[in-house]
Structures are given as C-alpha cells and as structure tokens.
Protein chains: 2
Amino acid sequence: MYEQLYNSIHEHVTLSEEEWELCKASFIPKRMRKRQFLLQSGDVCRRLAFIEKGALFSYSLDENGNQNVIQFGFEGWWIADLYSFLTDEPSELNIEVLEESELLMIDRDQNNELMEKVPAFANYNRILFQNAFVALQRRIKNTIGLSAEEKYTRFLEDYPQTKERVPQHLIASFLGMTPETLSRVRRSLTKS
Amino acid sequence: MYEQLYNSIHEHVTLSEEEWELCKASFIPKRMRKRQFLLQSGDVCRRLAFIEKGALFSYSLDENGNQNVIQFGFEGWWIADLYSFLTDEPSELNIEVLEESELLMIDRDQNNELMEKVPAFANYNRILFQNAFVALQRRIKNTIGLSAEEKYTRFLEDYPQTKERVPQHLIASFLGMTPETLSRVRRSLTKS
DNA sequence: ATACAGATCAAGAAATTGTATTGATCTATG
DNA sequence: CATAGATCAATACAATTTCTTGATCTGTAT
C-alpha cells in the first residue's frame, strides 16, 4: 500500500526506518472509483494526494462548460490544486478519477508537521515542487505555437504512457485542440 | 431554480415574500452528475439536500460489500443521512446521484437560523419529519414478511414513478431481494 | 422426507453510454 | 486565397451496465 510512496521519496532523499514510519502515519489511504471527484471546483483543496495506483486528471471548465485538461496523474505522482491548497481559496479545478485508484492523502497540517519532524521529507517536498515547475514550463513550451501534429508528437515523447491510459478526447483537450483534429492528426501519422 | 422548493414549502405552510427571500438565501445550489457521491460513508453529513431536479439514492454497504438501498429521492424530496446530520457522527451511508441533478443544500447552522427567523419554515421542517417517519413505517410494514411478489406489487403502488427511473437491481436491493428474483417476479407478473 | 420460496453462481443477451472517426462546411490568418 | 484548425452532424465502434435465464443449493414448513 505504501510502496510507490516509498520509492518516490527514496528516489530523492533517504529516510531512516523511524522517519519512514512517521511518514506513513501521516497519510490517510483512500480508494476511489472511476468518475469520482477528488476535488470539485468551489471546494477548497485541503489535501495533497499521492497516487499509489490508478489514474486521475484535473481540469477546469470554461464559461461554455468545456473541459480544459490541466494535468494527468498516474501511480507515483502527486495530484492536487496547489493554488487552492496553499491559499485556502476555493478551487477552480476539478480532479476526477480515470481508473480505480488508491491514494495516500495528507493535509496541510500533517504535511507541515512531517516536514518539521523529518527534514528529509521537507527536502523531498522542495524537489517535487521544483520538478513540477520544470515540467510545467516544458509543457507550456510544447503547447504554445506549435502545429497540432507537433504538439501531439512531442506529447508522445514526453508522456508515452499517457496515450495508452486515457481517452483520446482528454488528450486533445490537454493539447488544446478538438478531438476531431487529434483524430485526423493520428490518422495522418499512421499513414506516413 | 427554486420552484420545487417553493412548491414543497407552500404545500404545507405559507411564507411572506420576505420570508421566502430569506429562505432562498439560506440554500446553496449545487449541480451533480451521475455517479457522483453527495455523501460517502465515513464523512459527516453536514447538509440537507433538497432535490430540485434529478434522482439520487442512499445505501449502506454490509460486511460483504453488498449495496443495501435505503431510499430513493427525486425532485421535490429531501435526502440526507439525518442521523449523522443531527449527531455529527460519521455516516454509514452513501448517497449517490442517479441522474444529472440540481440540489439545494442547507447546513445545520443555516437551517437553525432560518427556523428561528421564519417560524413557518420550522413548521415545514416538523411536518417533513413527521411525513418521513410515517413513510418509513409504511416501508417497513410493506417490506417485512411479504413474499417477493407482494413486496414488488406494493412497491409499484407506493412509488409508481420510481420503477421508471432507477435500475432494477437497485429496486431489488430496496425490496430486500436479489436482482434475479425480481426479474423472475416481473416475468411472472406480465405473463398473468 | 419433500415441496417451495428464494438465494447463489455462471453465462449471455440486450440496452445504454462513452469514445473515435469521418465528411462537410466555416473562419481566421499569413 | 490557401491553409490549419474549428464546428456541426452523423455514424461506427467499444465498453460497460443492466437484465434475463438456467442450473443448483439451502432453509423452513408441512
């Protein structure tokens, strides 16, 4: 139940046995079924979720009610609305479950407490944020001002696993194009 | 957006224009899609939900993970786990959305405040509880110690609309029989 | 013992919903 | 005005949910 989290942390820092026990104790496991909402826009995002197993995605809805996919998340990743989490403002995002998932949840107080008690965990947090920031920059770079086909081929390079696990229309939304366009791009790619 | 609530209240009591405005202001509208949870067992039920539109149902899960349907709710009805709402204990029920729904939510403080300010609303509350109690008694009477066929025919009389709007296996669970048994009962009824 | 109501198990059929593709326009921009 | 991509509408295809059916088993009342 905690393997992925263990791996994720130990990829970046080292914890003693007791530290890891403290750490485990700070998380609350939660199972979620497909189509459930981890977060609904309007609610405050009170916890970070580490994905032990499964798949989720976050999106916002524009004025016309169109889904705008922000992020996908799979096992070994974190998902949350950081803005809402940090500011306590109601979120404008929805986070929805794509596949039956197992999550490890931690709220702000627990997280802060854990960072105090276990400095390596604080480091881990810092590294995560740095990585998230870099990934976001890269995403923006790869989404703006490219042709539909280029966006998609870069997406395939950056997130090869994603294509296999999420419906195409969500990928289209993630890349800022319509499902039809993506479908045509894919056809033209297989032909050539 | 508030028609059903207006009707429901005015079926039982009369409100002045200002009272009705106060009343409306105490509710928070919320839209929910199919399969979403209004309440999950383990959480405290902090609000009553009035159904303006749509359909929901509440159920508990027994040790073996079987759904046990407690109640269906359609437009013009209330749904909540009253026990948890009143005691602040974590609920053992789940409330799930069956059809795209529009709800009007009120929490305990708002409800109390409204009852204080608008005595007719307090009356409405009392009448609702009485009715709910009576309906529950009737349900128990019609569920215990009857044959599967009798349970189903009484169910049809008591809740004619329900049959049209909810999957059969949920009705079976509501009546305390297996889906297979209900299927056979229905067949034998149409034959005769 | 055995008859009967209903449960359980397993398999399919039927229906519904979600996802992907395609063609036919339409629109903005270089 | 040519092109990339959007929009609209129809359809095909896939996956999931829901319902039905047959076979067998269990407990209770006769």
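Sequence lines set the chain letters: A, B, ... in the order given, protein chains first and strands last, and positions in each chain run from 1. Source: prediction; values computed, not measured.
- Separating the CG atom of B:Leu182 from the P atom of D:dT20 is a distance of 8 Å, rounded to the nearest angstrom.
- The shortest side-chain heavy-atom distance between A:His12 and A:Asn131 falls under the 4.5 Å cut-off.
- Among residue pairs with one or both ends in residues 84-122 of chain A, those qualifying as ring-ring contact (aromatic ring centres under 6.0 Å, His included) are A:Phe121-A:Tyr124; sequence neighbours excluded.
- The cationic atom of B:Arg165 (NZ for Lys, CZ for Arg) does not lie both less than 6.0 Å from the six-membered ring centre of B:Tyr159 and within 45° of the ring axis.
- B:Glu11 CD: more than 12 foreign heavy atoms inside a 6.0 Å radius.
- Five base pairs at each end of the helix from C:dA1-D:dT30 to C:dG30-D:dC1 define two local axes, and these are offset by 20° (rounded to 10°).
- The number of heavy-atom neighbours closer than 6.0 Å to CD of A:Gln130, taken from other residues, nucleotides and ligands shown, is above 12.
- In this structure, B:Glu99 places its CD atom 17 Å from P of D:dT17, rounding to the nearest Å.
- The OH atom of A:Tyr152 sits 7.5 Å away from the CG atom of A:Leu189 when rounded to the nearest 0.5 Å.
- Side-chain polar atoms of B:Asn111 and B:Arg108 form no donor-acceptor pair below 3.5 angstrom.
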What N/O pairs connect the protein and nucleotides 12-17 of chain C at under 3.5 Å? Give each pair on its own line.
| residue | atom | partner | partner atom | Å |
| --- | --- | --- | --- | --- |
| C:dT17 | OP1 | B:Lys34 | NZ | 3.4 |

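- Atom CD of B:Glu92 has 12 or fewer neighbouring heavy atoms from other residues, nucleotides or ligands inside a 6.0 Å radius.
- When rounded to the nearest whole Å, the span between CG of B:Asn68 and P of C:dA7 equals 12 Å.
- Salt bridge absent: A:Glu180 and A:Arg184 never bring a charged side-chain N and a carboxylate O closer than 4.0 Å.
- Cation-pi geometry between B:Arg139 and B:Phe155 is not satisfied (NZ or CZ under 6.0 Å from the ring centre, within 45° of the ring normal).
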Side chains of residues 38-52 of chain A: which donor-acceptor partners sit under 3.5 Å, not counting sequence neighbours?
| residue | atom | partner | partner atom | Å |
| --- | --- | --- | --- | --- |
| A:Gln40 | OE1 | B:Gln36 | NE2 | 3.2 |
| A:Glu52 | OE1 | A:Gln4 | N | 3.3 |
| A:Glu52 | OE2 | A:Gln4 | N | 3.0 |
| A:Glu52 | OE2 | A:Leu5 | N | 2.7 |

What string of B, S and - do you get for nucleotides 22-30 of chain C, 5' to 3', if B is base contact, S is sugar-phosphate-only contact and - is no contact with any protein heavy atom under 4.0 Å? BBB------
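- Atom CD in A:Glu150 sits roughly 14 Å away from atom C1' in D:dG5 (whole-Å rounding).
- The stretch residues 151-176 of chain B touches DNA chain C through B:Gly176, each having a heavy atom under 4.0 angstrom from the strand.
- With rounding to whole Å, B:Gln67 atom CD is found 9 Å from D:dT18 atom P.
- Contact between the side-chain N/O atoms of B:Thr178 and the OP1/OP2 oxygens of C:dA7 is found at a separation under 4.0 Å.
- Rounding to whole angstrom units, CG of residue B:Leu146 and C1' of C:dA5 are separated by 14 Å.
- Between B:Glu149 and B:Arg154 there is no salt bridge, since no side-chain N of the basic residue sits under 4.0 Å from a carboxylate O of the acidic one.
- Using a 4.0 Å cut-off between charged nitrogen and carboxylate oxygen, B:Glu102 and B:Arg31 count as a salt-bridge pair.
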